[in-house]
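Here, residue 1 is the first one in the sequence, and each next residue gets the next number. Note that the coordinates shown come from a computational prediction; the quantities given were computed from them, not determined experimentally.
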Amino acid sequence: MKKFHLPSACLTGILLLFAVFLIGFGLWRGEFMRVLTKAASICLECVGIG
């Protein structure tokens, strides 16, 4: 059975909470619409429509 190493688990938990915080902050600011708009325009440029 693998031993559970406390400092590594603590660091993993902190990084996970920080990632969730940053995702929530980006959603709160409306960044997902900016990313979606840029992705759509890049995709249309690749096809040659936009």
Side-chain angles (χ1 to χ4, degrees):
M1 187 171 206
K2 189 175 182 181
K3 269 193 166 181
F4 196 73
H5 197 256
L6 186 59
S8 177
C10 223
L11 181 62
T12 301
I14 290 170
L15 288 176
L16 183 62
L17 286 174
F18 188 61
V20 169
F21 169 74
L22 289 177
I23 290 170
F25 186 66
L27 289 172
W28 177 70
R29 286 190 42 167
E31 296 290 330
F32 62 94
M33 286 305 296
R34 181 178 295 170
V35 171
L36 184 62
T37 304
K38 286 183 179 183
S41 66
I42 288 173
C43 194
L44 289 175
E45 287 174 9
C46 288
V47 175
I49 297 175

Going from CG on Leu22 to CG on Leu15, what distance comes out if it is rounded to the nearest 0.5 angstrom?
10.5 Å
How many angstroms lie between atom OG1 of Thr12 and atom CG of Leu16, to the nearest 0.5 angstrom?
8.5 Å
Per the salt bridge (charged side-chain N to carboxylate O under 4.0 Å, His left out) rule, what does the pair list look like for residues 7-22, sequence neighbours excluded?
none
Sequence neighbours excluded, every pair satisfying salt bridge (charged side-chain N to carboxylate O under 4.0 Å, His left out) that has a member inside residues 12-29
Arg29-Glu31
Under the 4.5 Å side-chain heavy-atom rule for ILVMFWY, direct or indirect, which residues accompany Trp28?
Phe25
side-chain contact (heavy atoms from CB on, under 4.5 Å) against Leu17, all qualifying residues, sequence neighbours excluded
none
Once ring-ring contact (aromatic ring centres under 6.0 Å, His included) is applied, do any residues pair with Phe18, and if so which ones, sequence neighbours excluded?
none
